[in-house]
Trainee: 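Mind looking over this structure? Questions follow.
Protein chains get the first letters and strands the later ones, always in sequence-line order, with residue 1 at the start of each. Remember, it's a predicted structure, so these values are computed and weren't measured experimentally.
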Number of protein chains: 2
Amino acid sequence: MRALFTTTILLLAQLVVPQSLENLKLMPLPATMQLGPGHLLINQSFTVAVEGHRDSTLDRGVQRFIAGLSHETGMRLKATAGEDSNATLQIHSQQGSEAVPQLGEDESYELTINDSGAKLSAPNPLGILHGLQTFLQLIQTGPDGFYVPMVAVKDQPRFAWRGLLIDVGRHFIPLDVLERNIDGMAAVKLNVLHLHLSDDEGFRVESKRFPKLHQMGSDGLYYTQADIRTLVDYARDRGIRVVPEFDMPAHSRSWFVGYPELASTPGTYKIEPGGVYTVIDPTQDRTYKFLDKFVAEMAKLFPDAYFHIGGDEVNGKPWDDNPKIQAFMHSHGMKSNQDLQAYFNQRLQKILSKHHKIMVGWDEILRPDLPKSIVVQSWRGQESLAAAAQQGYSGLLSFGYYLDLMWPASRHYAVDPMSGAASSLTQEQKSRILGGEACMWGEWISPENIDSRIWPRAAAIAERLWSPQNVQDVASMYSRLDDLSWRLEWLGLTHRSHATTMLRRMAGVEDISALRTLADVVEPVKDYARFESVKGTWDFRAPLNRLVDEANPESETGRRFQSLVQNYIRSGCKDRDAEIQIRGLLTTWRDNNLKLKPLLQESFLLRETAPISEELSRLGAVGLSALDYLDKAEVSPEPWRMQQLAQADAAAAPQANVLLVVAQPVRQLIEATAGQTPKP
Amino acid sequence: MRALFTTTILLLAQLVVPQSLENLKLMPLPATMQLGPGHLLINQSFTVAVEGHRDSTLDRGVQRFIAGLSHETGMRLKATAGEDSNATLQIHSQQGSEAVPQLGEDESYELTINDSGAKLSAPNPLGILHGLQTFLQLIQTGPDGFYVPMVAVKDQPRFAWRGLLIDVGRHFIPLDVLERNIDGMAAVKLNVLHLHLSDDEGFRVESKRFPKLHQMGSDGLYYTQADIRTLVDYARDRGIRVVPEFDMPAHSRSWFVGYPELASTPGTYKIEPGGVYTVIDPTQDRTYKFLDKFVAEMAKLFPDAYFHIGGDEVNGKPWDDNPKIQAFMHSHGMKSNQDLQAYFNQRLQKILSKHHKIMVGWDEILRPDLPKSIVVQSWRGQESLAAAAQQGYSGLLSFGYYLDLMWPASRHYAVDPMSGAASSLTQEQKSRILGGEACMWGEWISPENIDSRIWPRAAAIAERLWSPQNVQDVASMYSRLDDLSWRLEWLGLTHRSHATTMLRRMAGVEDISALRTLADVVEPVKDYARFESVKGTWDFRAPLNRLVDEANPESETGRRFQSLVQNYIRSGCKDRDAEIQIRGLLTTWRDNNLKLKPLLQESFLLRETAPISEELSRLGAVGLSALDYLDKAEVSPEPWRMQQLAQADAAAAPQANVLLVVAQPVRQLIEATAGQTPKP
């Protein structure tokens with residue numbers, strides 16, 4: 001095997017067009033990669049050997065890799081990994097990783113594959129774990145067997161902090177669901193799981209010191225301390241840090257159910273929608289005594305060096321309304337509620353520091369009176385991230401990475417931590433931008449649909465945070481994202497399979513093909529439109545079992561149709577292949593309502609979607625008429641066109657909290673019948 | 001709530017057409033059932049109360065029911081179940097069940113539902129568990145909400161022993177896969193999990209007394225004793241007994257790897273395909289000393305009163321070839337190897353008896369010298385079951401219930417333990433037939449496809465063993481089986497979802513729609529044809545990742561197409577609705593090969609299916625031609641017809657170990673073009 005690497009270098013010298021690299025479907029794209037002309041067959045005699053440093057994290061990682069490879073190929077491969085110079089894959093780690101993963105640890109690796117074997121080396125197991133994920137993504141099914149192409153990959157992350165926030169406060173997410181999402185994170189080289197563990201609707205961690213927090217502050221759904229230890233170990237095994245967030249002083253009603261003395265507004269509290277709004281009282285010494293003991297307990301439970309205290313969206317009215325708090329502010333010379341929050345943060349920061357934790361908070365906490373060691377997580381904009389960096393603070397970007405806003409992957413992908421306001425920072429200031437986090441806020445998620453809200457879109461953000469800044473090609477991103485999406489299913493993620501059970505529930509019958517046709521071309525409404533639709537009466541207990549809860553944030557069919565229509569129009573309506581596919585889809589949609597209508601009337605969960613189904617069929621019919629004009633190179637009569645455009649616009653409006661995403665491309669077909677070159 | 005039952009009786013007096021009962025989709029059908037005119041809405045205020053006897057088994061059963069109901073409806077329902085006279089569902093158990101489920105315990109229950117509430121009562125928790133499953137199957141999605149119809153069910157099983165055998169010897173099946181199959185068993189009221197724990201290819205239970213059994217007698221895949229305890233508890237919680245089988249004296253090569261002194265043929269043994277065939281040496285006292293200690297250990301681990309010793313398929317050649325064994329037989333006056341096996345069984349039976357176990361064995365063990373307490377499980381035919389009952393032995397039927405033979409559900413459904421030779425037994429003899437077991441033999445199963453081999457077909461056998469003998473309507477069975485099949489997905493069974501991942505692996509790409517079209521109309525070859533195809537070189541280590549491993553044993557599309565063609569021809573080719581559907585399917589098939597062909601060439605797993613894809617497209621085209629003749633009421637030219645019939649016959653032949661199931665109905669369409677009334 002020693003000879004392997006000389007040979008490889010020779011072969012790589014003969015290289016190779018960049019387009020072929022795109023066929024590799026790696027996500028995130030490695031920092032550097034070269035492709036050779038051969039490939040390595042993966043058959044049942046595939047073996048792995050580990051040289052150099054060995055530890056249990058590495059060994060378990062290799063066992064998972066072998067199990068994953070067995071699963072992907074359907075071949076049972078040997079689970080052992082001793083030192084064997086004839087093994088197909090040679091792994092070499094120079095040393096061990098930290099016992100608890102640390103921000104900024106070396107995560108680089110080198111992977112070299114030729115037609116007789118492969119070698120993966122890294123300074124430590126973190127890099128090995130990343131390299132094994134790259135190897136799994138390289139597997140192809142070929143005419144002669146499974147194989148990986150001959151490549152030389154030299155890879156390391158662009159940012160050290162690549163996170164996913166999961167809000168388990170508003171809706172509890174069971175441990176096994178978190179675990180499969182951790183597997184998804186590892187697959188795309190994310191390295192921080194940020195758990196938003198408490199909010200108005202629930203406190204989700206067992207506290208032995210203050211048991212009324214989880215007992216009274218939740219609906220009985222919380223993680224025991226044993227659960228947390230299991231989760232932290234599970235994540236650590238995959239090179240992933242777990243950062244806890246306990247949101248203070250706002251978003252904290254669940255604390256007050258058991259401990260009303262912490263609240264700025266006296267009274268009793270319940271876990272229920274639309275209860276009294278209040279925040280923690282920062283003027284009482286007992287508050288800090290409580291937090292000191294609480295942080296002491298949680299600091300032990302969560303070994304990561306960072307501890308997130310929230311700090312966002314403090315509405316100061318409870319402070320304004322409390323005469324004692326007003327008196328306190330006056331006697332301390334505080335001019336605003338921001339001053340009071342800053343006072344709270346300073347005292348809290350000292351408590352964290354005492355317990356050896358570094359404070360992280362949302363951008364509202366940014367005040368010059370906090371030490372420079374803290375980390376500011378920006379949700380309000382890239383400006384606040386840049387401002388933090390200018391003032392000497394470390395920062396994380398989450399603005400632009402909110403998965404709950406139901407944006408397409410491309411929109412997240414376009415947001416770069418170093419773009420916008422950050423682009424004018426000095427090099428030193430830039431170095432304070434540690435990375436970013438995708439955020440899965442929990443108002444509309446359940447264990448059943450959360451995977452579909454996170455995946456595959458989070459992978460586009462993962463690539464933004466890992467790959468070089470100039471990796472920007474959206475078409476390439478989508479091509480690789482589509483591939484990744486089904487590969488993620490091997491990990492047990494349900495972002496695709498959830499549709500079957502959810503649609504069957506709505507339909508109450510086995511044959512859901514027509515319903516699926518409809519579901520495939522709708523997306524949930526964007527941004528905060530769903531909140532607006534309930535006009536302040538959001539009820540976290542309401543079932544999430546409607547079409548909007550099932551529909552993928554980004555419709556693959558919609559995206560494909562949009563792209564077909566663009567190609568067709570750009571070709572001057574001459575691309576026959578695109579036309580055939582467009583016609584096929586339009587025909588299916590035109591005929592779908594007839595099949596679907598009876599089903600929709602029979603189900604209380606589906607009745608609200610009846611108008612959408614009718615619109616889809618209308619769009620199918622009008623799209624076909626438009627195609628007929630374009631086919632014959634005939635200009636459509638203007639009144640017809642105006643009427644159809646108006647109808648397409650009407651079809652694009654939200655109904656039942658979903659959007660019919662094919663309305664826009666059908667509109668483009670109608671516009672094209674005007675006979676001028678349309679702007680796609 | 002007390003008034004509920006008087007009201008119900010009045011309402012039920014107004015009854016109701018039997019066809020409506022069929023719409024209820026219950027499986028197995030209850031012993032008696034009446035349907036009322038109203039229904040009970042299931043909304044978020046649904047609650048359960050438990051009166052009378054309470055124990056932890058019952059409580060856990062109720063919690064699972066509430067979780068299941070929450071899952072099916074997507075509504076989070078209250079998990080508590082105290083005594084509450086206003087609860088929607090009142091549960092009343094008279095007393096507790098046995099600590100370990102016993103053969104013949106009362107499993108009856110009564111379930112009454114009206115529009116204001118429901119009551120479920122039973123002598124003990126076993127009946128309550130069954131009644132809760134019935135309730136779950138009754139849930140419908142309606143125009144006003146989820147509901148259960150007004151019914152009065154009085155139900156009990158026809159047979160006390162309703163089993164599923166899973167062979168984990170030939171291919172190891174992990175604990176979680178067994179657990180989800182136990183959930184499936186509970187859903188259809190099966191009550192015995194028979195684990196075939198050892199065979200030539202593997203010994204699958206940790207033995208602390210003889211650790212070389214699992215260590216050397218397996219590929220490292222076995223259940224620890226803790227696993228077994230978990231499994232037994234899991235099953236018991238669901239009213240299911242676990243009967244272990246250790247197959248002796250044949251099917252036992254895995255024992256000899258660690259303990260060659262047990263073998264009739266001296267030598268060393270390995271877990272490998274096609275090794276030396278031998279059997280346990282029944283002439284040595286050390287054999288019985290070993291078995292005494294072994295049974296002592298396993299008898300403790302498996303608390304069920306029954307213990308299966310296999311006893312099947314003893315090829316006596318190793319005995320013939322061993323002079324010492326021949327001498328022993330001679331000195332004991334044994335005339336045949338059957339005599340020697342009987343001697344072995346007698347000594348083994350005494351060991352079992354000493355450890356308080358009742359012996360069960362395959363029909364080969366049936367010899368008058370064994371005590372009448374033993375149970376004979378018949379795999380060779382209904383005659384041997386009847387013979388056993390005549391001789392005073394208890395018996396179980398498995399002949400006709402072999403799931404690995406890939407028969408359609410209807411064929412299993414037609415086999416009744418009391419039919420055939422059993423039908424002429426006296427009432428007393430009949431009472432010795434305890435029931436039966438569906439058998440999932442393990443030569444061609446993996447954790448990935450086993451669910452699809454068991455479900456939904458095992459449910460047809462479950463109904464045969466639970467419901468009254470006159471429940472025989474095959475169309476009704478299939479209508480309910482189709483419904484059950486997708487409901488079983490709520491339990492995590494993968495009998496449908498396995499297709500996606502397996503087809504994607506074969507294809508190596510995301511878009512598998514054309515491949516799915518092909519996969520949907522093939523079935524694995526039947527009976528033992530797959531063994532014949534490998535001509536004695538069956539290798540248990542070979543990957544199970546081909547189309548035959550994915551294809552469902554019974555194609556739903558094939559069955560639907562067959563039924564459409566029959567209806568169409570029976571209508572004198574006048575059923576337009578059937579014709580449209582037939583034409584739609586034929587068109588899809590005709591056009592499919594063009595889409596699929598490039599994919600098939602690119603994958604070594606799919607290339608062998610290329611001729612099948614071509615045949616399917618040909619069948620689609622010729623079926624459409626036949627329809628055109630029938631449409632125009634035109635007789636086809638005889639040469640054309642003869643040629644097409646020959647081609648359809650050729651298409652029906654197995655290729656790549658699968659059968660194209662639409663060949664036969666297309667043949668019927670071709671025959672119909674001859675212009676005479678065809679016999680469908």
Trainee: Is the backbone of B:Arg505 close enough, under 3.5 Å, to the side chain of A:Thr141 for a donor and an acceptor to pair up by distance?
Mentor: yes
Trainee: Sort A:Gln44 into side chain, backbone, both or neither according to what part of it lies under 4.5 angstrom from a heavy atom of chain B.
Mentor: side chain
Trainee: Are more than 12 heavy atoms from other residues, nucleotides or ligands located less than 6.0 Å from atom CG of A:Leu175?
Mentor: yes
Trainee: Just checking heavy atoms, which of residues 508-517 of chain B are less than 4.5 Å from chain A?
Mentor: B:Gly508, B:Val509, B:Glu510
Trainee: For B:Ser497, is it the side chain, the backbone, both or neither that has a heavy atom under 4.5 Å from a heavy atom of chain A?
Mentor: neither
Trainee: Could you look at B:Arg487 and say if it's the side chain, the backbone, both or neither that has a heavy atom under 4.5 Å from chain A?
Mentor: neither
Trainee: Chain B heavy atoms under 4.5 Å from A:Arg504: which part of the residue, side chain, backbone, both or neither?
Mentor: both
Trainee: Relative to chain B, which of A:Arg541, A:Arg496, A:Gln140 shows the most heavy atom pairs under 4.5 Å?
Mentor: A:Arg496
Trainee: For the interface with chain A, which of B:Thr501, B:Asp144, B:Thr500 has the highest count of heavy-atom pairs at distances below 4.5 Å?
Mentor: B:Thr501
Trainee: Could you tell me whether a side-chain N or O of B:Asn545 sits under 3.5 Å from a main-chain N or O of A:Met75, the two making a donor and an acceptor?
Mentor: no
Trainee: How long is the span from the CH2 atom in A:Trp486 to the CG atom in B:Leu503, to the nearest 0.5 Å?
Mentor: 11.0 Å
Trainee: Using non-hydrogen atoms only, which part of B:Glu72 is less than 4.5 Å away from chain A: side chain, backbone, both, or neither?
Mentor: backbone
Trainee: Measuring heavy-atom distances to chain A, does B:Arg607 have an atom under 4.5 Å in its side chain, in its backbone, in both, or in neither?
Mentor: side chain
Trainee: Is B:Leu599 in contact with chain A via its backbone, its side chain, both, or neither, using a 4.5 Å heavy-atom distance?
Mentor: neither
Trainee: Minimum heavy-atom separation for B:Phe146 and A:Phe604, please, with both atom names.
Mentor: N-CE2, 3.3 Å
Trainee: B:Glu489, B:Gln601, B:Arg76, B:Met506: which one forms the most heavy-atom pairs within less than 4.5 Å of chain A?
Mentor: B:Arg76
Trainee: Quick one: pull up OG in A:Ser446 and NE2 in B:His71 and give me the separation to the nearest 0.5 Å.
Mentor: 9.0 Å
Trainee: When you look at A:Lys78 and B:Asp219, which way does the side chain to side chain contact (heavy atoms under 4.5 Å, CB included) test go after all the steps?
Mentor: CA-CA 10 Å; A:Lys78 277 209 194 105; B:Asp219 47 0; over 6 Å; no
Trainee: Looking at B:Pro543 and A:Gly74, what are the two nearest heavy atoms and their distance?
Mentor: CB-O, 3.4 Å
